[in-house]
Every structure is written in C-alpha cells, then in structure tokens.
2 protein chains.
Amino acid sequence: MNSATRPTQDTASAPAHDRVYRTLRTRIMHGEITPGAALTLRGIGGEFGVSMTPAREAVRRLAAEGALFLSSSGRVTTPELTNERIEELAALRALLEVELASRALPRAHMALIDRLQTINSNVAEMVSKRDAVGYIRTNLEFHRTLYLRAQAPAMLAMAETVWLQLGPTMRALYGRLRRTDPPQNHRLIIAALKAGDEPGLRLAVRSDVTQGLRLLAG
Amino acid sequence: MNSATRPTQDTASAPAHDRVYRTLRTRIMHGEITPGAALTLRGIGGEFGVSMTPAREAVRRLAAEGALFLSSSGRVTTPELTNERIEELAALRALLEVELASRALPRAHMALIDRLQTINSNVAEMVSKRDAVGYIRTNLEFHRTLYLRAQAPAMLAMAETVWLQLGPTMRALYGRLRRTDPPQNHRLIIAALKAGDEPGLRLAVRSDVTQGLRLLAG
DNA sequence: CGGCGGCTTTTGTGATCACATGAAGGGATG
DNA sequence: CATCCCTTCATGTGATCACAAAAGCCGCCG
C-alpha cells in the first residue's frame, strides 16, 4: 500500500481547494486577518500555487460559513461586524457553549481536567506575553477540548462557525484589552467540572463567553 | 436606469451559481429530495443550463451548510442522518428557536399574530391534504415569520441551517406521521403570544419543535 | 482647488478541456 | 454458480481562457 493511499486527511494529499480552505479558515478563526481586509481569488491562488478554481471554492465555502463577506459584486473581504451582530454572536456562543459544557460534564474525567489545566496554563502564558493570536488559539483549544466530550458534533460545528465569524473581530477586540490577568473564568469552569456542579458550570461558561464582549458597549 | 441594474436579488439577474444554489436549497429544505439521493455536477449543470463551474460552487456552498454530503471521493448526496444526529439537531432547534421566539415576543403586535393565524390555517390545510412538502414549507414559514420579529439575523440564519440539514429527513419522517390533526402546538404558540406569556411561549415552541422527532425513537 | 468624466486595470464569472480516480459491468475461471 | 479481475464509463478536480463589470486613476473643466 502506498503512503498516499491514506483516507485523505493529511494536509499534503488533500485536494487543493481543501488545503486552501483549511489554511484560510484557521487564519480567520485565530484572528490573523484584520476585519475588512480584502482578498482576491488570483491573490489566494498565487499564494498557494494553485489556479483561481480551488481558491474560488475555498472562498465560497468560507463565505457560506460567515467567515468571509462577499459584496454584491463578488468582492471578498473579512466581515466588519456591527455591535448588534457581535452581541448576537455572543448570545449564540452562550446558548451553544453552555449546552455543550453541560453535556460534557457527566463525561469529564480526571484526564480531561488535567488536559484543560495544561491548556489553561498556555492561555495564561499567551496573555502575559500579550500574544493576541496565541491567546485566541489556546483559548479556543480550551473550549474545544471540553466540548469534544459532549459527543455532539453538530452542536460543536455550530459553535465553531460562530468562532469563525468572530475571528477577525476578536483580534481587534483583545487588542484593546489591556489586562494581563490569567483567565479567571477558566478556573471557575475547571472547579465546577471537578465538583460536578452543573449550575456553576453553566454560569462560568456563560461568563467566560460573554465577558470579552462587554467592553464594546462603551 | 436599466431594469437589470437592481441590487441583485431577483431570480433572473442573479449570477448563475446563485440561482442554482437557491433552487437546490429550497428543494432540500422543503424535503423534495429523499435522503441519500445522489447528485452530479454535470447533471445539475444540465438541468439549469449552465456548465459545471456554477454547479460546483452551489454544491460546495450547500455542503458547507450541511445540506449536502460530500463523500471522500467528492461524490455528492443528500445526507442520511443517524438517529443521534437527528436528536442533536432537534436539540439545536429547541435551543435556537426558543430563544428566537422569546426575543420576538415583546415585538409581536396584532398584525403579526394575524399573519401567523393565516399561515397556520394553511398549515392545517396541508396536513389535511397529506401534502408533506406543502406542510414542511408552510410550517417553516410559520416559524420564520415569528422569528423575523426577533431582529436576530445571525440566530435566524443558524436556525435555517438546521432546517436545511433536517430537510430531506423531515420528508421521510412526516411520511410515517399518519395524523391529520391541525397543529396543536402552533395554537399554543399563538395563545402565548397574545397573552404575553413568555414561559408558556418557550414551552410551546420547545414542544412544537421536538414533537415530530420523538417517533423515531421506536 | 475641487469635482467630474473617461480610460485603464483589476477582479469575479462562466465555459471548456485534459486528467486522475473510483465505480460499475462483464467475462473468464475455479 | 459464485468470485475475482479487468475493462470501460462516469464523475470530480484543476487549469486556462474570454468576457463583463466594477474600481481606481488621471487629467480636464469649472
């Protein structure tokens, strides 16, 4: 059997449009692209060494997920979110992630909690280094690790879609955030997991998810 | 000004890939395609009189929304949902739509309630005629009309994505459903709206959304 | 000095083609 | 009669091209 005969999940053997899609998706979700930035199909194709065709498919896919905005003439930019939309997406995060955490709770064993604590220390490190992209990445990793235990793939996919839509804006948001405190709400989440305290967990997740979005009210 | 200079929302002047997308989307959401049905890019292109390119874009977009399933080799079919996934999607409907209804409640005036009652009589008619597609269509129209008042476009879009994923399965589901009763839960929703009873509304929406999915447990 | 009109360039759209891959069908063999 | 293999066909992928429309730019005119 050839080594390229794998079920196709590797970054190398995957179709071109999929590689482009995945790379752009991660960039957007981690806030590596500023809101309103313009992308061009030929530019994307050039960067990845492919033609316009796979670039177009990747862009369409991302636009369908709300990660990119397509103007009426087809021009593609990262979305610039209004305050109303940000609040709505925060509400969606609260709805979905509270449910996911709640479903993960009965399955959360010690190994998971250990992993969460390790990730959380990475989060704290990123905060202290003021590394915005690193913070977003590790923070999402923290949440995803917990929610994977919920055994609810459709719900998790939806939560990730919301993260994706918030990606470019989050970067700008946490740029204003001048705190260097380690994430307090993450500790509350871990504590609630240890104690098997479901109401506490729901509250902690809700607080963690909505806290970062409060500052834009002013 | 030319008549084709409109902001591009018309079915005619819109780009080809968008026409294809919208047509397929409606078909899938209304359950006009059975689960597991295979589609081909050349077939779609032939039906709409376009080449493979717009067909591919429409299919990618729909696949990104979960409306279509792409096998590892790229073959495209409507999804065949497992029971676990259906239950999960039902839970998502409950989460999202209860919230949407709750947000619509304070803005629900008499004109809206009248419209809902009109739509509801159409739903009852479809039920009595055993028109599955018509039932799904009018039922979704009932829900969408209510949720539009919530002024929460992102949340509504997410609910529609769930409807889309359930589309092909719903048809098969309501095929087994041998009732000819008019929708009781819709009446409860309307009554709660009239009374301004938020807890009652939440319960009625939750019941309406999850009732149709109970029968697959057996 | 500012607004406006026309030109040029950039960009997305859609069609067509060559290619590789996976599925289906048929025939030979045990 | 079933099974395996090979041929053939259908299908998705990606590149390239022609076209139209939008955006940007520059100079002209008020």
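Every chain is numbered from 1 and lettered A, B, ... according to where its sequence line falls, protein lines coming before strand lines.
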Collect all protein-nucleotide pairs involving nucleotides 10-14 of chain C in which both atoms are nitrogen or oxygen and the distance is under 3.5 Å.
| from | atom 1 | to | atom 2 | distance (Å) |
| --- | --- | --- | --- | --- |
| C:dG12 | OP2 | A:Leu41 | N | 3.0 |
| C:dG12 | N7 | A:Arg42 | NH1 | 2.9 |
| C:dG12 | O6 | A:Arg42 | NH2 | 3.2 |
| C:dT13 | OP1 | A:Arg60 | NH2 | 3.0 |
| C:dT13 | OP2 | A:Arg60 | NH2 | 3.0 |
| C:dG14 | OP1 | B:Ala16 | N | 2.4 |
| C:dG14 | N7 | A:Arg56 | NH1 | 3.2 |
| C:dG14 | N7 | A:Arg56 | NH2 | 3.1 |

Inset, instruction - Using the six-membered ring wherever Trp is involved, compare the ring planes of B:Phe142 and B:His186 and label them parallel, tilted or perpendicular (cut-offs 30° and 60°). - result: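 The rings of B:Phe142 and B:His186 lie parallel, inter-plane angle below 30°.
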Inset, instruction - Inspect the contact between B:Arg61 and B:Asp18 and indicate whether a charged nitrogen and a carboxylate oxygen are less than 4.0 angstrom apart. - result: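 Yes, charged N to carboxylate O under 4.0 Å.
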Inset, instruction - State which residues pass side-chain hydrogen bond (donor to acceptor under 3.5 Å, both in side chains) with A:Arg60; sequence neighbours excluded, sorted by chain then number. - result: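 Checked A:Arg60 against side-chain hydrogen bond (donor to acceptor under 3.5 Å, both in side chains); matches are B:His17, B:Glu57.
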Legend entry - Over 12 foreign heavy atoms within 6.0 Å of CZ, B:Arg206: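 Open: at most 12 neighbouring heavy atoms sit under 6.0 Å from CZ of B:Arg206.
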Inset, instruction - Using modelled atom types only, decide if a donor and an acceptor are shared between the side chain of B:Thr40 and the backbone of B:Gly43 within a distance under 3.5 Å. - result: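 Yes.
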